[in-house]
Amino acid sequence: MPDQGAEMPAETRTPGPQLRQRCAALTIAAWARLRPTGNRVTGYVAVGAVGALIGTSLAVGAGASGSRPRLADIGAWLASSEKGEIAHVHGLTGAVDGKVVLPAGMAGHRVSVARGGGSTLVLDEQTGRVARIDASQLTAGQSADYGAAGLQLVSGGAYAYVVDPVRGTVRRIDPALTTAAGPAVDLGGKPGAAVVDQEGTLWVPLAERGTVVPFVKGRKSTAVKVAEPGHDLVLTLADGRPVVTDRTAAVLKALTATGVRGTFELGGANTGASSGADASDTLVPTSTDGSVVPVLVGRSGDLVLLDVLSRHTVRARVPVQGQRLGAPQLLGKRVYIPDESTGRLLVYDTSLAAPAEPVRITESAGELELLVRDGLLWVNDPDSAHAAVIDADGEVRRIGKYGTEVPSALEPGERWVEDGVPTGFPAAGLPSGTVTPGANAPAGGTPGPGPDPQAPGGEPTGTVPSPPPAQEPGAPGAPQAESRMGAIRITFAEALGATPRRYVLKGQAPDQTVTPDGIGPDGPFAFEVKGGSCEEQYSFTVVAEYAGGKPSKESAPSALARPCVAPGAPRELTFTPTQGGHGGTVTWQPPQGANGTVTYAVNGPGGTAETTELSHTYKNMKNGTVTWVTVMAGNAAGSGAAVSGKIDLTPPSQEMAIVNNTANSTPVGIRSLPTTVGSGRPGEIPGNPGGHLTQVTTVHCKVEGQEQTYNDETTKFWAYHTFHHPGIDKDITGYTSDLFVNSRANPDVWECE
């Protein structure tokens, strides 16, 4: 099925002068975004999207019979529960460019939207009805009723699923028809919130079992053990790949369908969660646009930004005062935290190591839905007209979902007619105290009116302003700590008020060194702390020192951080078998740049073993087998990717001479089994009269069989070998008594299994 936005082309028509002028203006506006910040990607994306918008103008504005609206490729569907409708919004303008009325009975119900595999699906969370959005017709006529409240609808790749938390089942559905594509599959427990990765694999957490169950290509696979039974588990898609946060143990793990590929300790950010505190207070988004996962502990304001690819970790403290907070989202250098008690987004700027101006979305308390996709942050209040889209520069575009002058489903006999350009948030839909986009506003904040010199209380024209009062010394902002290999980088916001003489760092341990010793009033506002133990966590404060006898001011403490990151994968894994087989030693080299005490988890035959050495030995194994072994390195910060290799116990072949067959014309038999009883004879070794020939054979292994005696020599061993018969130019494979091969005396010949 075509993806939304990939509708049938409109009838070809030459655009008029007004439309051409409008297209040119849009292109100029997009190129204007290529300002000299070094971030050209945003501008290029803008131009691409404007191309899509111009295409929209050509299709919608043509007014020809049979033409259809073309929705922006960079856009999102936002639900309005009260209205029972879903609006498509252009990402770069904030304009609603299409609207769909949901099936009868959905109005007033909370709905959720799932997009993937070329389809957009909507779930009525109260009734269990699933409807498909037809972007070409702006309708939702295709639907199926799954008859239960509280279902989850997730989709990705070419797959879509309905998860029933009450019954503990998963049902795959056809994303085009919305009907069931198979029977309900029992999960064996009550599932948490599920996700679907970029390959279409469904991941379902089962907290009571401590596992995550993958459905690969629609089929249930082996559960992955990720935690102790009963731990609180939350799934996130980071850069399209599954990550599970064990909120009870304060651990984050990256997953594959075959197991855990990385473990990261959240450390002090979640201290106490395992000792009776509410683990659900640890907030994690269901998806991120990149590899960095933001984790927020609501009760303390501890914020962790963890990159599951580079393994770097940034820790900060965000001021929180009992607000009802939602899961954070990261876009660019800013972290956005929904404050559902006030209808705002709290903003933390990692480049400044300080909070930024909040962004108001609604006028009152309410749930805020956040999603980052295509380099944009979408914020939606499903219970009101209010929504917004924010770009990587922090620019906010307001969205009015209730606007009526937008394309929607056609009534019989109607045709699409362009009635002007949607300009985004209608004036009636703006929260009080806001202005339309484009007005002056603080970076990342809510625009507001500028001062009016003629207004009452304003500065009278022609008067001399009073000199400003002397500024009092202020404290620097709470430091932000970034864990690095062997170091911690501390950044902070400069003090407000009087200008300090310098800034110094406080809190370093005796085995740590700080660079520089002090920082002047103009910055740069960053210290590097080298040394310390990876097994310890450290917190620092920044002190602003003032001249003239003014008292120094100390910042709030930083979040706890370690001078290390989780190690990467071990290197150069090799396996050396023991002489004779039945085991051997796996060896490897440490990861590059590993810090602290590194422990290696060796997962192979018999389960998982831990060691601090660079080798692990296996014993009592069967020869003739090939098994896999993986080694993962870990320290106090977590563990990285594993390295894999084979434990190959295939017996190595050996060239050996035939014995006890010299000056003898009698051939030596080759048997199909290591016995003369009931055993076939696929061939023989010819006699060697006069002992002139040196006959050799390729011995694969030796095995115990029927006891044989020759010239007062007795043995029960037989050689399994391949002999090339020169007379018939043929290889013959089978068993020959060791009386004629003597493989038992060769330690390099392994036992057969």
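Model, not experiment: these values are computed from the prediction.
Under a 4.0 Å N-O distance rule, the pair Asp186/Arg167 does not qualify as a salt bridge. In this structure, Arg247 pairs ionically with Asp232, as a charged nitrogen and a carboxylate oxygen lie closer than 4.0 Å. The pair Glu554-Lys506 meets the salt-bridge criterion, since a charged nitrogen lies less than 4.0 angstrom from a carboxylate oxygen. Between Arg110 and Glu367 there is a salt bridge, with a side-chain nitrogen of the basic residue lying less than 4.0 Å from a carboxylate oxygen of the acidic one.
Applying the salt bridge (charged side-chain N to carboxylate O under 4.0 Å, His left out) criterion to Glu494, with sequence neighbours excluded, gives no partner residue.
A donor atom on one side chain and an acceptor atom on the other are found under 3.5 Å apart for Gln480 and Tyr348.
Side chain of Lys401 to main chain of Asp381: a donor-acceptor pair is present (N/O by atom type, distance under 3.5 Å, no hydrogens or angles). Looking only at distances, a side-chain donor or acceptor of Arg373 sits under 3.5 Å from a matching main-chain atom of Gly75. Judged purely by atom type and a 3.5 angstrom limit, Ser483 uses its side chain to pair as donor or acceptor with the backbone of Arg562.
Listed by first and then second residue, the side chain to side chain donor-acceptor pair (under 3.5 Å) pairs involving residues 286-295 are Ser291-Asp307 (not counting sequence neighbours).
Taking the ring axis of Tyr402 as reference, the NZ or CZ atom of Lys83 stays within 45° of it and closer than 6.0 Å to the ring centre.
Residue Asp197 holds its CG atom at 11.5 Å from CG of Asp239, rounded to the nearest 0.5 Å.
The side-chain heavy atoms of Thr127 and Tyr146, taken from C-beta on, include no pair separated by under 4.5 Å. In this structure, Glu536 and Pro563 have side chains that are not in contact, with every pair of non-hydrogen atoms separated by 4.5 Å or more. Residues Thr236 and Val195 are not in side-chain contact: their nearest non-hydrogen atoms beyond the backbone lie 4.5 Å or more apart.
More than 12 heavy atoms of other shown residues, nucleotides or ligands fall within 6.0 angstrom of atom NZ in Lys225. Within 6.0 Å of NZ on Lys220 lie more than 12 heavy atoms contributed by other residues, nucleotides or ligands.
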